[in-house]
Novice: 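The following block contains the structure, expressed as structure tokens.
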Amino acid sequence: MAMTTDVHLRELRYFVTVAEELHFTRAAELLYVSQPALSKQIRALERQVNAELFRRDHQGVALTEAGTALLPHARRVLADWAEGAAAVEAVREARRGTLVVGMSTSPGRGGLLPAIRSRFTAAHPEAVLRLRQMSWEDSTAGLADGTADVAYVWLPLPDAGRHAWTVVAEEPRLVALPDTHPLASRAELDFADLVAEPFLALPPEADVLRDFWLALDERRALGAGPPRVGAEISGTEETYEALVAGLGICLVATGNAPLITLGGVGTRPVRGLSPSRYALAWRREDEGRALVRGYVEACRRVTAGG
């Protein structure tokens, strides 16, 4: 059997095609080779296995007993090789990789996303970047359940020990209120003026983020009681509708104000509130992943202005 060690996949592929077609001209067309070249390869294979594989006579082409014996094995070798090649491709695909970027509100903020994307793809041209809009129920924007690899989030994050982040923007918290609200006539407000008002709140699942947008720390500092929740909101349209309907007022980051200050709603600066912090976050356990590191690096460079 030593003589068969140099059989090539190409010869096996040619053999199988002729065996299936039982017609050299048709097989040559399917294989995009000339018929003489095909015949030559088949003869080379026959020499290597030291047996005639096809009988050619005036009636056409037929498999010999040796050819019939070889056929299932040749098919299996080709199938195994195809599987092997697919496994290698899968590894290459995984290495190229996909990075899922979660967010609950789109970070318009002066073209931040396109700038980070172009810097990231320049460094990782093979990576696939997917943006995924997450609901406001999940304040980690997909990090907690693994549906995102990195995410644009508002701080504070629940389960902070699991996550690391880099702050992208620090913005004052404004109050959004309907134009018909008695306080809307004032150019600026103190937080103390707002504590008795009904507030729009994030869903309870948003945890510490719900508390932040209800300004619980500032309430405690003023000795005020718990907030009155006028309605729960889990998206910008809902927030706008609730404001227009007079169900409550809400705090909003400066960069998000344009999303809800459509007709009939305005925002005012508020004294006595800490700013909001918008960040890119990731799971600490993923810090070794090249694409996560690469995206974080691109984000840091863009936000540092270069």
Side-chain angles (χ1 to χ4, degrees), residues 83-171 202-203 205-210 212-213 234-237 253-256 258-259 276-306:
E83 270 181 46
V88 171
E89 181 55 24
V91 170
R92 280 184 57 228
E93 201 60 47
R95 273 189 48 212
R96 271 195 218 114
T98 297
L99 190 77
V100 180
V101 181
M103 62 184 66
S104 51
T105 44
S106 173
R109 297 170 172 75
L112 183 76
L113 271 184
I116 294 171
R117 173 188 278 271
S118 63
R119 190 176 269 275
F120 172 77
T121 48
H124 300 272
E126 291 196 309
V128 178
L129 209 51
R130 291 228 168 86
L131 295 185
R132 209 151 182 197
Q133 197 75 33
M134 306 293 186
S135 83
W136 289 7
E137 274 95 4
D138 176 11
S139 57
T140 72
L143 290 179
D145 64 2
T147 48
D149 301 307
V150 295
Y152 289 98
V153 298
W154 292 98
L155 300 179
L157 271 177
D159 199 5
R162 255 195 88 187
H163 303 110
W165 57 84
T166 179
V167 175
V168 167
E170 192 166 286
E171 301 172 347
L202 289 175
E205 297 91 327
D207 195 63
V208 290
L209 197 59
R210 172 181 161 116
F212 176 78
W213 290 106
S234 53
T236 44
E237 291 84 3
T254 307
N256 281 356
L259 300 174
S276 64
R277 292 185 304 153
Y278 194 60
L280 175 75
W282 58 94
R283 290 178 292 273
R284 287 184 192 278
E285 70 207 48
D286 289 343
E287 289 189 319
R289 285 182 57 198
L291 293 189
V292 170
R293 272 208 318 273
Y295 194 86
V296 171
E297 175 64 14
C299 176
R300 285 195 168 126
R301 297 215 160 182
V302 168
T303 51

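Small disclaimer: the values here were computed from a predicted structure and weren't measured.
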Novice: Looking at Q133 and S104, would you say the former's side chain and the latter's main chain have a donor-acceptor pair under 3.5 Å?
Specialist: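 Checking the backbone N and O of S104 against the side chain of Q133, a donor-acceptor pair under 3.5 Å is found.
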Novice: I'd like to know if the side chain of R284 reaches the main chain of H163, judged simply by a donor and an acceptor atom lying under 3.5 Å from each other, with no hydrogens or angles considered.
Specialist: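 Yes; at least one donor-acceptor contact below 3.5 Å.
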Novice: Of all residues at least two apart in sequence or in a different chain, which pass the side chain to side chain contact (heavy atoms under 4.5 Å, CB included) check with E83?
Specialist: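 Here no residue qualifies.
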Novice: Please identify each residue that fulfils side chain to side chain donor-acceptor pair (under 3.5 Å) with R277, with sequence neighbours left out.
Specialist: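 Counting only residues at least two positions away or on another chain, R277 forms no side chain to side chain donor-acceptor pair (under 3.5 Å).
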Novice: Checking H124 now: which residues fulfil ring-ring contact (aromatic ring centres under 6.0 Å, His included) with it, not counting sequence neighbours?
Specialist: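 In terms of ring-ring contact (aromatic ring centres under 6.0 Å, His included), with neighbours along the sequence ignored, H124 is linked to F120.
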Novice: Any donor and acceptor pair, going by atom type alone, linking the side chain of R293 with main-chain N or O of G288 inside 3.5 Å?
Specialist: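 Answer holds: yes.
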Novice: Quick check: does any side chain N or O of R132 sit under 3.5 Å from a backbone N or O of T147, one acting as donor and the other as acceptor?
Specialist: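 Looks like yes, one N/O pair under 3.5 Å.
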Novice: If I take atom CG from residue L209 and atom CD from residue E137, how far apart are they, to the nearest 0.5 angstrom?
Specialist: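 Separation between the atoms: 12.0 Å.
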Novice: Does L155 form a side-chain contact (heavy atoms from CB on, under 4.5 Å) with V167? I'd like the steps, not just the answer.
Specialist: CA-CA 9 Å; L155 300 179; V167 175; 4.1 Å; yes
Novice: About how many Å separate OG1 of T166 and CZ of R300, when rounded to the nearest 0.5 Å?
Specialist: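 These two atoms lie 4.5 Å from each other.
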Novice: Flag the pair S139 / V208 as yes when at least one side-chain heavy-atom distance between them is below 4.5 Å, and no otherwise.
Specialist: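 Side-chain contact under 4.5 Å: no.
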Novice: Do you know which two heavy atoms are closest between M134 and A148, and how far apart they sit?
Specialist: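 The answer is CE-CB, 4.1 Å.
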Novice: Grab the two heavy atoms, one from A206 and one from L202, that are nearest each other, plus how far apart they are.
Specialist: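 Answer, listing the atom of A206 first, then L202: CB-CB, 3.9 Å.
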Novice: With sequence neighbours excluded, tell me which residues meet side chain to side chain contact (heavy atoms under 4.5 Å, CB included) with E237.
Specialist: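 Side chain to side chain contact (heavy atoms under 4.5 Å, CB included) check on E237 returns nothing, list empty.
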Novice: Which value, rounded to the nearest 0.5 Å, describes the distance between L143 atom CG and L157 atom CG?
Specialist: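 So the gap between those two atoms works out to 7.0 Å.
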Novice: Write down the atom of R283, the atom of G146, and the distance for their closest heavy-atom approach.
Specialist: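 Looks like NH1-CA, 3.7 Å.
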Novice: Taking ring-ring contact (aromatic ring centres under 6.0 Å, His included) as the test, write out the residues that go with W213, two or more places apart.
Specialist: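 Counting only residues at least two positions away or on another chain, W213 forms a ring-ring contact (aromatic ring centres under 6.0 Å, His included) with W154.
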Novice: Who are the side chain to side chain contact (heavy atoms under 4.5 Å, CB included) partners of E297, not counting sequence neighbours?
Specialist: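 In terms of side chain to side chain contact (heavy atoms under 4.5 Å, CB included), with neighbours along the sequence ignored, E297 is linked to R301.
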Novice: How close do V153 and A281 get, heavy atom to heavy atom, and via which atoms?
Specialist: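 The answer is CG2-CB, 3.8 Å.
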Novice: Output the distance between atom CG (D149) and atom OH (Y295), rounded to the nearest 0.5 Å.
Specialist: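 If we round to the nearest 0.5 Å, D149:CG and Y295:OH are 11.0 Å apart.
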Novice: Would you say that S234 contacts S135 through its side chain, given a criterion of any heavy-atom pair below 4.5 Å between the two side chains?
Specialist: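 S234 does not reach S135 side chain to side chain.
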Novice: What distance separates L291 CG from T98 OG1, expressed to the nearest 0.5 Å?
Specialist: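 If we round to the nearest 0.5 Å, L291:CG and T98:OG1 are 8.5 Å apart.
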Novice: How many angstroms lie between CG in L113 and CG in L131, if you round to the nearest 0.5 Å?
Specialist: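 Spacing of CG (L113) from CG (L131) equals 6.0 Å.
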